Amino acid sequence: MSLYVRRGAGSPTDAARWSRRRDVMTNLRSVIGRAYPRVIGSTREPSWVLFEVLLPFLTTSAFVFVYRALDAPTEYVGFVVLGGAMSAFWLNVMWLMAAQLWWEKDNGNLELYFTAPIDLMSILFGMAVGGLLATCFRAVVVLSIGTALYGVTFSVEQWGLLLVVFFLTLSSLYGLGMVLASLFLLWGREAWHLTQLMQEPVYFVSGLNFPVGRLGFVGALAISTIPLAVGLDALRQLAFAGGVASFGTPSPEVEALVLVAMTAIFLFAARFFLRTIERLARREGRLTARGQ
Amino acid sequence: MPSIPLAIDTRGIERVYKAKPRPITALAGVDLRVEPGEFFGLLGPNGAGKTTLIKILTTLLLPTAGTAHVFGFDVERETKRIRRIMNIVSGGEQSGYGLLLVREQLWMFSQFYGLGAREGWRRVDELIEAVGLQDQRLQKVSSLSTGQRQKMNMARGLLNDPWILFLDEPTLGLDVSAARAVRTLIREWKGAVVGRTVLLTSHYMAEVEELCDRLAIVDRGRIVAIGTPADLKRRIQRDSIFRLELDRLDGGASSLSGLPGVLKAVTASDGSSTSGGARQRTAVKLVLADDNALGPVVTALGQRGSQIVSLEKSEPTLEEVFVQLVGRSFADDSEDGGSDTDGRGSSSGTDGAMADPSAPPPPTAATERMTEDAPLAATGLPER
Ligand SMILES: Nc1ncnc2c1ncn2[C@@H]1O[C@H](COP(=O)(O)OP(=O)(O)O)[C@@H](O)[C@H]1O
Ligand SMILES: [Mg+2]
């Protein structure tokens with residue numbers, strides 16, 4: 001059988017020596033490898049579609065009706081629909097991404113990731129990319145249905161910047177997801193409960209359903225700390241140019257820079273926590289063991 | 001000469017776990033040298049420290065003291081190098097994602113081990129065939145039986161064609177035929193290329209005896225004996241172990257253990273001759289202080305009305321070696337609470353102290369729990 005023929009290097013010493021290129025390629029392939037089950041999973045898991053499409057959509061609709069009843073400016077309906085679409089990513093980060101490594105510990109995957117010749121960052125990165133791709137579909141669904149159903153009209157002047165801000169919002173969101181995933185692994189259930197508690201307040205100060213500029217100082221604080229808040233505010237300013245969204249918050253260019261900074265900080269933090277985790281795991285014999 | 005370094009070389013490895021009432025010493029100074037190309041076994045009861053040693057060698061855990069090298073690479077500092085040339089498969093492994101197809105899951109892992117995208121698919125298909133999962137290749141991972149699951153895990157462990165394969169109780173919880181299939185696979189893979197090295201842990205004597213060139217008996221964090229199975233058995237050759245077949249035995253084997261010179265008396269489970277015939281026979285294994293103790297036993301049996309159908313002096317088994325060296329059997333150990341951190345429960349007990357080595361142990365409470373857990377573990381995940 002061909003299986004039983006050894007290929008490659010002639011000695012274990014040679015086999016253990018990889019070129020820089022092979023090392024990098026393996027890490028890149030691992031990102032794809034780890035993203036793969038996420039993307040595949042989204043096609044095989046109808047219940048999550050329900051959770052991630054229907055739920056944001058219902059919340060969105062509720063706010064649409066409230067604003068209509070209050071005779072709010074029509075732009076507000078657009079804000080809500082956009083917020084609903086972006087909340088799909090937020091849900092994905094908070095509910096799936098954050099707890100993922102922790103789950104992976106339980107079924108022994110984490111141990112295998114540790115013993116694979118790759119950086120744990122690649123795995124975390126793959127999770128993020130996979131989650132992001134899978135959720136894009138859901139966000140698009142919420143956005144299209146909402147737009148069609150409630151007659152939202154966008155007025156975009158800077159398409160390029162809009163796209164850049166969109167991707168920066170996602171990168172900072174998933175960067176936060178990577179940080180949370182490693183923190184959960186470190187602190188377990190307590191961290192999990194904490195984020196769940198945080199969900200509603202975060203929604204509120206992120207201005208998921210209204211322009212965050214209305215919150216004054218609290219809004220400004222949110223913009224400087226929560227990626228969802230900055231991203232949404234910038235997206236609104238860009239998608240509804242010249243409207244009320246520009247009131248009381250920095251320009252989208254400035255907010256884009258904030259998002260860049262957040263992404264960088266989150267990625268560094270995630271890497272730092274992962275290193276800490278690996279060190280602790282090897283020293284304490286804790287984190288990779290099951291059922292703890 | 002610049003020869004290939006030892007596959008495994010540990011010096012004075014100790015490992016202490018921080019634990020609640022007091023720290024647990026899992027390894028208390030292990031010196032182990034395994035040559036490239038060896039099939040080496042670690043045999044010991046639950047809690048002996050086997051998994052801990054494997055974790056240290058696979059770079060998952062640091063030793064508290066001592067040094068360890070795998071093919072010359074330091075487990076503490078040269079982790080990446082070691083990870084490129086080894087792989088590990090554990091019993092009851094639930095790795096991967098239940099909603100993936102077998103083929104997809106293996107491909108995913110191939111990407112972590114440095115195979116190219118297309119190379120990965122090719123290798124996955126080869127391995128699926130080699131482990132005999134062709135019919136399941138397009139089945140969801142969560143739908144596999146325990147035995148199929150472990151075959152898939154084995155395929156995963158072979159994806160990178162490791163120079164050293166660590167197998168931590170690879171047949172744990174498998175039924176007889178699945179365990180045999182896994183053992184055959186391991187043996188064939190190992191035998192096919194000179195230089196492949198395997199370190200296998202087990203608490204099944206028969207498994208170690210069948211597969212390993214050399215083994216170390218581990219107990220309470222120490223190696224108590226090391227050598228080939230034949231070497232180890234020769235050490236207790238001077239002992240007198242007899243296998244008796246009786247037409248009947250009132251009071252069971254234990255009624256003989258009180259007799260002078262009898263160190264141990266147990267029912268042997270290998271009564272192949274009893275199955276076909278109409279008569280019920282009982283096979284008993286006796287460990288005697290020396291051959292002279294046999295006389296009084298025969299006399300005592302006669303007085304109780306038992307007739308001896310056959311009598312032969314037995315080859316010692318590894319279990320007997322263990323009993324001799326450690327002063328208790330595997331089964332005893334689990335009774336005094338041989339702790340188990342893998343959450344797999346105690347797996348000895350039914351694995352009777354002197355059960356026939358050719359009969360793989362029946363499923364235990366632990367294995368039942370494990371198979372029950374499998375679907376749960378598979379569905380409890382965000383990514384199933
Ligand atoms: N992570 C851990 N924390 C605390 N104690 C542990 C841990 N892992 C193992 N132990 C203890 O170390 C000893 C050896 O365990 P282990 O290496 O799993 O043995 P084996 O694999 O031979 O059954 C046991 O007493 C076990 O309870
Ligand atoms: Mg173990």
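Hydrogens, waters and symmetry mates are skipped; everything else that's a heavy atom, side chains included, is used. Protein chains get the first letters and strands the later ones, always in sequence-line order, with residue 1 at the start of each. Values in this document were obtained by computation on a predicted structure and should not be read as measured data.
In summary, the side chains of Tyr97(B) and Glu104(A) do present a donor paired with an acceptor at a separation below 3.5 Å, with no hydrogens or angles considered.
Side-chain contact between Leu60(B) and Glu111(A): present, with at least one pair of heavy atoms (C-beta onward) separated by less than 4.5 Å. Contact annotation: the side chain of Phe109(B) approaches that of Asn109(A) to within less than 4.5 Å [non-hydrogen atoms, C-beta and beyond].
Most heavy-atom pairs under 4.5 Å with chain B: of the set Thr115(A), Thr26(A), Ile118(A), this distinction falls to Thr115(A). Per-residue counts of heavy-atom pairs under 4.5 Å with chain A were compared for Ile82(B), Leu115(B), Thr79(B); the largest is that of Leu115(B). Taking Leu112(A), Ile40(A), Thr13(A) one by one and counting their heavy-atom pairs under 4.5 Å with chain B, the maximum is reached by Leu112(A).
In this structure, chain A has no heavy atom under 4.5 Å from any part of Pro63(B). Contacts between Asp119(A) and chain B at a heavy-atom distance below 4.5 Å are absent for every atom of the residue. Contacts of Tyr113(B) with chain A are made by both backbone and side-chain atoms, with heavy-atom separations under 4.5 Å. Only the side chain of Ile123(A) comes within less than 4.5 Å of a heavy atom of chain B; its backbone N, CA, C and O stay farther away.
Distance alone, capped at 3.5 Å, is enough to place a donor-acceptor pair between the Arg83(B) side chain and the Phe114(A) backbone.
Here the closest non-hydrogen pair linking Ala15(A) and Trp163(B) is CB-NE1, 3.3 Å. Taking all atoms of both residues into account, the shortest heavy-atom contact from Arg283(A) to Arg15(B) is O-NH2, 2.6 Å.
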